[in-house]
Enquirer: 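Structure below; questions to follow.
Proteins come first, then strands; the chains are lettered A, B, ... in the order of their sequence lines, and each starts at number 1. Note that these values count all heavy atoms, side chains included, but never hydrogens, waters or copies made by symmetry.
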Number of protein chains: 2
Amino acid sequence: MTKRTAYDEKLERILRVAADIFARKGYHQASIRDIARATEVSLSGLYYYFDSKEELLFLIQDHAFGTLLRRLDRVLAREEDPRRRLHLLIENHLRFFIGNMAEMKVLSHEADSLSGEFRRIVDTKKRRLTLAARSILEELNPDPAVDLRTATFALFGMMNWIYNWYREDRDMPPEELAEHMTQLFLGGFLQEGNLDNVPSGDPSAEGDTRIWSSGPG
Amino acid sequence: MTKRTAYDEKLERILRVAADIFARKGYHQASIRDIARATEVSLSGLYYYFDSKEELLFLIQDHAFGTLLRRLDRVLAREEDPRRRLHLLIENHLRFFIGNMAEMKVLSHEADSLSGEFRRIVDTKKRRLTLAARSILEELNPDPAVDLRTATFALFGMMNWIYNWYREDRDMPPEELAEHMTQLFLGGFLQEGNLDNVPSGDPSAEGDTRIWSSGPG
DNA sequence: GATAGCTTGCATCGAACGTTCGAACTCCCT
DNA sequence: AGGGAGTTCGAACGTTCGATGCAAGCTATC
């Protein structure tokens, strides 16, 4: 059924190039003229493939999120152990993120730039992803003192923030990064087994030694 | 020295209102006319307080970051224990973040909107904050297998992401959130003492499913 | 009541923006 | 060879933007 027409291919090319530009300059900064120049399609010619700049943004986001979710479903389908499921979710997320930095930056950064029906559709997909993560965390039977909402968003924060710092030529590949983050999230930063409560301030503290003093008094 | 003139107060009010607008509409979306309307200062009147829209954005970011760093210095000065220092950093960060959501959203979201000298100055402050966190993590003597760069940015991701989900009326106050995140980061999601490595796949498992395919080759 | 700092309204500039429209081109089916 | 649908284009529209200039008025301090 889904025949691969020339139309489809050109549209996908436009989406890819536009995502790059949106990622680099920001959605509102980037002009349709920029995209026309980069795609080598005329200004008016672009409007044959979408009705408005906002729809173009929507198509990028929806396509990216759809792919991410589809892969997640596929990957999670054949694993039951909660820890491994968490690891798979993180790996899937990071792999796709790093492999499609532009799209994912647009997704993270321009969430508010959509409105109306466009916004609703993307938000629904986002919610599905959040719930998937949350339900895995539930399966893990965490310390009941842990707030699940906080933990879920902490996890996504950890993962999604990478577009602010990750460099392919400098940082480890996604699979390795996924291991690190899984380990970290499941309690891996300090190796020591005993984790008594994080200390609250001790009133009998020492003098006024400023250990880390870098800045203005 | 620093006398509190009417000029200063009005400027700060402008910065505050402008931050609100930038946070809500985005920097490029918001017009100087929007800010004139909201501050009830005339269009030309605004330009008495800054020379360009970009400088206005810079003033907001620099002021917010400056305050954050100043408070951090003060708070860390009287604590030596690395765990408590980490807790203080997180608490300071979240408290300021949540108390100044608009400014911090602008800071996180419009980092790329500055250029030249403005950009340089803000980047320097950002770097100082990153290094402060990193050096505390070093003091903690973590599992040497942990990559410090990754861990540092994971921590900031966890914290900075909150502007995407935190609601004052729904979520816990910053102090409590700081405890949760400190606990989480130091290894608190699962309570169990023994954290053997995150499971690598058990070869005796089901069929040919690749359970945990990590790492290149 | 003069002086300096601050503020206003209004008019205007050039540049850039998203979008539209009718004409033209290309390709395939007959 | 011809026709029609699908695709592409150049040119232009109307609007908004950041920024500036200017004459006038306000207000507080000496």
Enquirer: Nearest to the side chain of A/Tyr49 - C/dC6, C/dG18, D/dT7?
Expert: D/dT7
Enquirer: Check the distance between D/dA19's C1' and B/Leu56's CG and give it to me in whole angstrom.
Expert: 14 Å
Enquirer: Hey, are B/Glu79 and B/Arg84 close enough for a salt bridge, meaning a charged N less than 4.0 Å from a carboxylate O?
Expert: yes
Enquirer: Select base, sugar-phosphate, or nothing to describe what B/Ala30 touches, counting heavy atoms under 4.0 Å on all strands.
Expert: sugar-phosphate
Enquirer: Rounded to whole angstroms, how far apart are CG on A/Leu11 and P on D/dT8?
Expert: 11 Å
Enquirer: In whole angstrom, give the distance that lies between atom CD1 of B/Ile32 and atom C1' of D/dT16.
Expert: 13 Å
Enquirer: Flag the pair B/Asp123 and B/Arg120 as a salt bridge only when some basic side-chain nitrogen lies within less than 4.0 angstrom of an acidic carboxylate oxygen.
Expert: no
Enquirer: Is it true that A/Tyr166 and B/Phe153 have ring centroids separated by less than 6.0 Å?
Expert: no
Enquirer: Can A/Lys53 be said to sit on top of A/Tyr27's aromatic six-ring, NZ or CZ under 6.0 Å from centre and within 45° of the ring axis?
Expert: yes
Enquirer: Rounded to the Å, how far apart are A/Arg33 CZ and C/dT20 P?
Expert: 13 Å
Enquirer: Name the residue closer to the 5' end of DNA chain D, choosing between A/Glu40 and B/Ser52 according to the nucleotide with the nearest heavy atom.
Expert: A/Glu40
Enquirer: Are the aromatic rings of A/Tyr47 and A/Phe50 close, with centres under 6.0 Å apart?
Expert: yes
Enquirer: Nearest-Å distance, OH (A/Tyr48) to P (D/dA5)?
Expert: 12 Å
Enquirer: Between P on D/dC9 and OH on A/Tyr47, what's the gap in Å once rounded to a whole number?
Expert: 15 Å
Enquirer: Does any donor-acceptor pair link the side chain of B/Ser44 with the base of C/dG9 at a separation under 3.5 Å?
Expert: yes
Enquirer: Heavy atoms only, 4.0 Å cut-off, all strands: where does B/Phe50 land among base, sugar-phosphate and nothing?
Expert: nothing
Enquirer: Whole angstrom is fine here: how far is it from CG in B/Leu57 over to P in D/dA19?
Expert: 12 Å
Enquirer: Give the rounded distance in Å between these two atoms: CG of B/Asp51 and P of D/dA19.
Expert: 9 Å
Enquirer: Give one of base, sugar-phosphate or nothing for B/Ser31, where a contact means two heavy atoms less than 4.0 Å apart.
Expert: sugar-phosphate
Enquirer: Could you say whether A/Leu43 or B/Lys10 is positioned toward the 5' end of DNA chain C, judged by the nucleotide with the nearest heavy atom to each?
Expert: B/Lys10
